[in-house]
Asker: 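Below you will find the structure I want to go over with you.
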Amino acid sequence: MKAVHNNIDGPYVIEEDIALYGTITGGATLAGGRRFILRGTIVGDLTVEKGAHAILHGTVAGRVYNDGGRVELFGMADAVANSSGDAITIIDPAAHVMGRR
């Protein structure tokens, strides 16, 4: 897995296994079959395609759309939406999702 410490202009398609410690502005899509660890920030939405795996310790300043992948949220997001029956979403009790009580 590759560690990325840069700031990336989006919209950005994540097509390799990466751990992001920087920022993606403009949103991102995690391609199917890829692993992604977020320790930084995504300014915009994150779409997780079928078969992808996202572990989110950082901040998604937008919505997380799970289109059939696996999402594990430990950090922050504006909202999380499953749009497929194959979607698996785990939200840690300490995670912060806006609007959730």
Side-chain angles (χ1 to χ4, degrees):
M1 180 171 285
K2 177 177 160 183
V4 176
H5 297 271
N6 298 330
N7 295 326
I8 301 168
D9 291 326
Y12 182 70
V13 179
I14 302 165
E15 297 181 304
E16 61 183 322
D17 296 348
I18 66 169
L20 177 69
Y21 296 87
T23 301
I24 297 174
T25 55
T29 299
L30 178 58
R34 298 297 174 197
R35 281 194 69 196
F36 175 60
I37 299 173
L38 177 65
R39 294 282 186 177
T41 303
I42 296 176
V43 180
D45 297 333
L46 171 63
T47 301
V48 178
E49 293 183 343
K50 184 175 181 144
H53 185 183
I55 302 170
L56 310 174
H57 291 279
T59 300
V60 178
R63 292 178 179 263
V64 177
Y65 294 98
N66 189 345
D67 290 343
R70 180 180 176 95
V71 173
E72 298 176 38
L73 178 63
F74 299 94
M76 297 176 66
D78 286 350
V80 178
N82 291 337
S83 57
S84 169
D86 296 332
I88 298 170
T89 299
I90 299 166
I91 301 174
D92 187 85
H96 183 70
V97 179
M98 303 298 262
R100 187 178 79 164
R101 298 188 197 293

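Keep in mind that what you see is a predicted model, and the values were worked out from it rather than measured.
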Asker: Out of curiosity, does Leu38 fall in the hydrophobic cluster containing Val4 (side-chain heavy atoms, cut-off under 4.5 Å, transitive links)?
Answerer: yes
Asker: Going hydrophobic residue to hydrophobic residue with side-chain gaps under 4.5 angstrom, can you get from Val48 over to Phe74?
Answerer: no
Asker: Report yes or no: do Tyr21 and Ile24 belong to one cluster of Ile/Leu/Val/Met/Phe/Trp/Tyr joined by side chain heavy-atom distances under 4.5 Å?
Answerer: no
Asker: Any chance you could measure Ile18, atom CD1, to Met1, atom CE, to the nearest 0.5 Å?
Answerer: 8.5 Å
Asker: Short question: side chain of Asp45, backbone of Arg63 - any donor-acceptor pair under 3.5 Å?
Answerer: yes
Asker: Which atoms form the tightest heavy-atom contact between Ile37 and His57, and what is the distance?
Answerer: CG2-CD2, 4.4 Å
Asker: Examine distances only and state if a side-chain atom of Ser84 and a backbone atom of Asp86 form a donor-acceptor pair shorter than 3.5 Å.
Answerer: yes
Asker: What are the two closest heavy atoms between Ile14 and Ala28, and how far apart are they?
Answerer: CD1-CB, 4.2 Å
Asker: Are Val97 and Tyr65 grouped together when hydrophobic residues (ILVMFWY) are joined by side-chain heavy atoms under 4.5 angstrom apart?
Answerer: no
Asker: Can you see which heavy atom on Gly44 is nearest to which on Val60, and at what distance?
Answerer: O-CG1, 3.5 Å
Asker: Testing Leu30, Thr29, Val13 one by one against Glu49 for a side-chain contact (heavy atoms from CB on, under 4.5 Å), which residue passes?
Answerer: Thr29
Asker: What about Val64 and Met76, same hydrophobic cluster or not, with Ile/Leu/Val/Met/Phe/Trp/Tyr joined at side-chain heavy-atom distances under 4.5 Å?
Answerer: no
Asker: Heavy atoms, side chains only, cut-off 4.5 Å: are Arg35 and Ile55 in contact?
Answerer: yes
Asker: Is there a donor-acceptor pair closer than 3.5 Å between any side-chain N or O of Asp78 and the backbone N or O of Met98?
Answerer: no
Asker: Tell me which one of Asp9, Asn6, Thr41, Ile42 satisfies side-chain contact (heavy atoms from CB on, under 4.5 Å) with Thr23.
Answerer: Thr41
Asker: Within a strict 4.5 Å, meaning less than it, do heavy atoms of the Leu56 and Phe36 side chains meet?
Answerer: yes
Asker: Which donor-acceptor pairs under 3.5 Å do the side chains of residues 66-73 make with protein atoms, sequence neighbours left out?
Answerer:
residue : atom : partner : partner atom : Å
Asn66   : OD1  : Gly68   : N            : 3.1
Asn66   : OD1  : Gly69   : N            : 2.7
Asn66   : ND2  : Gly69   : O            : 3.3
Asn66   : ND2  : Ile88   : O            : 3.1
Asn66   : ND2  : Thr89   : OG1          : 3.0
Asp67   : OD1  : Ser83   : OG           : 2.2
Arg70   : NE   : Glu72   : OE2          : 3.0
Glu72   : OE2  : His53   : NE2          : 2.7

